[in-house]
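Encoded as structure tokens, the structure appears first; notes follow it.
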2 protein chains.
Amino acid sequence: MKNARVLIVDDEKNIRDLLEAGLKFAGFSVYSVGTGTEAVAVAEKAKPDILVLDVMLPDQSGFSVTKKLRSMEIYIPVLFLSARDDGADKVTGLTVGGDDYMTKPFSIDEVIARIHAILRRTQKQEAEDSILEVGEIKINQDAHEVYVNGTEIELSPTEYKLLRFLMSNPNRVMSKDQILDHVWEYDFNGEQGIVESYVSYLRKKIDPLSKNSLIQTKRGVGYMFRTFKED
Amino acid sequence: MKNARVLIVDDEKNIRDLLEAGLKFAGFSVYSVGTGTEAVAVAEKAKPDILVLDVMLPDQSGFSVTKKLRSMEIYIPVLFLSARDDGADKVTGLTVGGDDYMTKPFSIDEVIARIHAILRRTQKQEAEDSILEVGEIKINQDAHEVYVNGTEIELSPTEYKLLRFLMSNPNRVMSKDQILDHVWEYDFNGEQGIVESYVSYLRKKIDPLSKNSLIQTKRGVGYMFRTFKED
DNA sequence: TATAAACCTGAATATACCCTGAGAAATGGC
DNA sequence: GCCATTTCTCAGGGTATATTCAGGTTTATA
């Protein structure tokens with residue numbers, strides 16, 4: 001689903017900006033608002049394909065936003081965002097239908113992946129599928145399974161997200177800062193060294209099964225997932 | 001029965017919205033109203049395939065709604081909803097023919113399962129639908145019987161619903177939040193730990209009879225019902 | 001070649017996550 | 001009302017994971 005239209009609803013401007021930049025870069029058309037009232041108004045007029053909706057808004061809960069929309073016969077799938085330990089917003093029954101749910105802090109690429117998953121499920125057109133295959137590696141995003149030349153390897157959640165990010169940008173060097181911004185949660189305040197560690201973990205699992213060195217280091221620049229001619 | 005048309009009748013807007021979203025995603029065309037009078041009017045005009053009907057309505061009882069419809073020669077099967085303490089026995093007298101009833105609070109996937117069951121009984125087509133078979137496990141949804149490689153196992157109601165949900169989404173990781181929202185009643189207020197407990201119960205009953213580990217843990221992500229090639 | 005910067009990787013640590021048994025509380029059948 | 005089943009919570013133990021760090025290795029460049 002290219003050029004899907006996303007409405008972001010969050011009262012924290014930081015989060016809105018982060019999401020807006022990330023989703024625009026990922027090819028979405030983005031609207032963003034800070035209150036539930038605005039959300040209902042914009043959703044009614046613009047009819048976006050999906051909502052990214054904070055559960056805790058200043059004027060009303062994200063839950064009541066979806067209720068209002070549904071009472072207006074407007075059915076838009078929702079990716080809910082909520083603070084991790086905020087027990088107050090733990091409303092069950094939130095993810096009915098094709099909806100999904102993530103806790104803050106999130107990583108921007110995880111948000112993008114979830115949006116794609118929701119659109120796959122709700123817009124039954126198999127235009128985009130859950131398989132991401134680049135060169136010798138195939139990722140089944142529904143099952144969270146990774147295959148190197150047909151052999152499955154077990155990755156931790158962070159290893160998985162890092163590999164998915166690199167494979168989404170093949171033959172393009174990604175700096176460690178870019179990787180941190182996309183793969184790690186937005187409040188992570190560690191050092192770049194952790195990227196080196198995780199690249200090392202990935203190589204240890206991938207290289208024994210691959211013909212080529214798929215994750216290349218560009219010294220002083222970053223890392224790159226490479227593809228090769230004739231496989 | 002794809003694209004069956006459902007009329008929801010409930011005075012609580014929350015419940016209507018919950019049902020509406022869930023049933024639409026499950027592939028039904030949905031109408032919804034809040035009173036018995038509207039229900040009769042819409043049912044007469046739209047002739048839905050099934051009614052989901054709250055027993056306690058503000059203007060009249062669900063019973064009188066069905067009576068009115070039958071006096072108008074309109075026969076539509078009904079799934080009654082009643083509050084737990086309203087005396088469920090009163091409802092049993094209401095169910096004639098293919099009707100069914102359930103008590104609030106319900107789980108959304110259970111409602112969908114009951115609707116499918118009623119439609120199977122009343123529209124005699126595709127009776128095979130009641131068998132859900134994925135890999136080594138077969139569920140007879142009419143009889144509530146579960147077989148692992150041909151051997152029947154006894155499951156509690158919650159174990160059954162959890163297994164059915166996982167099997168309805170094979171090879172797709174489902175998060176604990178999603179599982180809670182679909183399998184547990186909508187007012188459930190507990191923690192994710194209960195999902196772990198029930199997965200443990202299920203495994204204890206399934207694993208001794210199955211060749212593969214059918215319910216897989218994706219650490220940090222959720223659980224998945226897996227199928228295997230050449231089984 | 002010498003030097004510094006960048007990178008790799010093993011080890012150490014704290015923590016998050018998951019499994020399971022046990023028991024309390026709720027439910028349902030008789 | 002009583003007993004059996006089921007639901008739900010909780011805590012202990014075990015393991016995977018995230019993160020940091022230090023020592024070794026490679027690379028660029030003077």
Side-chain angles (χ1 to χ4, degrees), chain A residues 84-85 87 90 92 103 105-107 110 144 146 153-163 173-177 179-180 183-208 213-224, chain B residues 83-85 87-89 92 102-107 110 144 146 153-163 173-177 179-180 183-208 213-224:
Chain A
R84 179 157 292 161
D85 1 275
K90 205 160 181 8
T92 47
T103 53
F106 46 76
S107 81
E110 186 63 16
H144 266 244
V146 180
I153 60 175
E154 299 292 333
L155 299 184
S156 79
T158 305
E159 290 164 1
Y160 175 88
K161 286 180 228 168
L162 172 57
L163 177 61
V173 184
M174 309 309 286
S175 74
K176 289 176 203 167
D177 279 330
I179 293 173
L180 280 179
V183 176
W184 267 260
E185 294 170 350
Y186 56 74
D187 68 344
F188 178 75
N189 60 356
E191 296 299 317
Q192 295 185 343
I194 199 168
V195 178
E196 297 171 16
S197 285
Y198 271 90
V199 167
S200 175
Y201 295 155
L202 272 183
R203 283 173 172 158
K204 209 188 304 182
K205 293 181 177 179
I206 291 173
D207 288 355
S213 294
L214 301 178
I215 303 177
Q216 293 198 341
T217 304
K218 290 290 165 182
R219 173 170 269 257
V221 189
Y223 296 99
M224 174 170 72
Chain B
R84 182 154 287 162
D85 14 297
D89 28 316
T92 47
M102 39 193 316
T103 54
K104 297 180 187 178
F106 46 76
S107 82
E110 185 64 16
H144 262 244
V146 179
I153 58 174
E154 299 292 333
L155 298 184
S156 79
T158 304
E159 289 164 0
Y160 176 86
K161 285 180 236 171
L162 172 58
L163 178 61
V173 185
M174 309 308 289
S175 74
K176 288 176 204 168
D177 278 324
I179 294 173
L180 278 179
V183 175
W184 266 260
E185 295 167 350
Y186 55 76
D187 68 344
F188 179 73
N189 212 11
E191 295 297 317
Q192 297 183 342
I194 197 166
V195 179
E196 298 169 20
S197 286
Y198 271 88
V199 167
S200 177
Y201 297 155
L202 271 183
R203 282 173 172 158
K204 212 185 303 182
K205 294 181 177 179
I206 291 173
D207 287 356
S213 294
L214 300 179
I215 303 177
Q216 290 197 341
T217 303
K218 287 285 167 180
R219 177 172 261 258
V221 188
Y223 296 100
M224 173 170 71

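Each chain gets a letter, A, B and so on, in the order its sequence line appears, and its residues count up from 1.
Atom CD1 of B/I206 and atom P of C/dC19 are 14 Å apart (whole Å). Going from atom NZ of A/K205 over to atom C1' of C/dT9 covers 15 Å, rounded to whole Å. The CG atom of A/L155 sits 9 Å away from the P atom of D/dT17 (whole-angstrom rounding). Atom C1' of nucleotide C/dC7 and atom CE of A/M224 are separated by 16 Å, given to the nearest angstrom. The distance from atom CD of A/Q192 to atom P of C/dA5 is 15 Å, rounded to the nearest whole Å. For the pair A/Y198 OH and C/dG10 P, the interatomic distance rounds to 15 Å; values are reported in whole Å. For B/Q216 and C/dC18, the CD to C1' distance is 15 Å, given to the nearest whole Å. Between A/E154 atom CD and D/dA16 atom P the separation is 11 Å, expressed in whole Å.
B/G193 comes within contact range of no nucleotide atom at all, as no heavy-atom separation falls under 4.0 Å. Note on A/Y160: nothing from the nucleic acid sits closer than 4.0 angstrom, heavy atoms only.
Note on ring orientation: taking the six-membered ring where Trp is involved, the planes of A/Y201 and A/Y198 are perpendicular (angle over 60°, cut-offs 30° and 60°). Using bins of under 30°, 30° to 60° and over 60° for the plane-to-plane angle, the ring pair A/F106/A/Y186 lands in the perpendicular bin.
What you find for A/I179 and A/M174 is that their closest heavy atoms are CD1-O, 3.8 Å. Across all non-hydrogen atoms, the minimal contact from A/P157 to B/G220 is CG-CA, 4.4 Å.
Checking the phosphate oxygens (OP1, OP2) of C/dA11, no side-chain nitrogen or oxygen of A/Y201 falls inside 4.0 Å. OP1 or OP2 of D/dC8 lies within a sub-4.0 Å distance of a side-chain N or O belonging to B/W184. Within the structure, a side-chain polar atom (N or O) of B/K176 is placed less than 4.0 Å from OP1 or OP2 of C/dC18. Contact check, B/S156 against D/dT5: no side-chain N or O comes under 4.0 Å of OP1 or OP2. For B/T217 and C/dC17, the shortest distance from a side-chain N or O to OP1 or OP2 is not below 4.0 Å. Here B/K204 does not reach the OP1 or OP2 of C/dC19: none of its side-chain N or O atoms lies under 4.0 Å away.
Among the candidates B/E191, B/Q192, B/E196, the single residue satisfying the side chain to side chain donor-acceptor pair (under 3.5 Å) test with B/K176 is B/E196.
In the helix from C/dT1-D/dA30 to C/dC30-D/dG1, the rotation axis of the first five pairs and that of the last five pairs differ in direction by 30°, rounded to 10 degrees.
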Problem - Protein proximity profile, nucleotides 22-30 of chain D - base contact B, sugar-phosphate-only contact S, no contact -, cut-off 4.0 Å on heavy atoms - result: ----BB---
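Remark: B/K104 does not engage B/E185 in a salt bridge, criterion side-chain N to carboxylate O under 4.0 Å.
Listed by first and then second residue, the salt bridge (charged side-chain N to carboxylate O under 4.0 Å, His left out) pairs involving residues 153-162 of chain B are B/E159-B/K205 (not counting sequence neighbours).
Residues A/L202 and A/L155 meet the side-chain proximity criterion, which asks for heavy atoms closer than 4.5 Å.
Side chain of A/S107 to main chain of A/E110: a donor-acceptor pair is present (N/O by atom type, distance under 3.5 Å, no hydrogens or angles). Between the B/R203 side chain and the B/I215 main chain, a donor and an acceptor come within less than 3.5 Å of each other.
For A/I194, taking side-chain heavy atoms from C-beta onward, the closest of the listed nucleotides C/dC8, D/dC8, D/dT19 is D/dT19.
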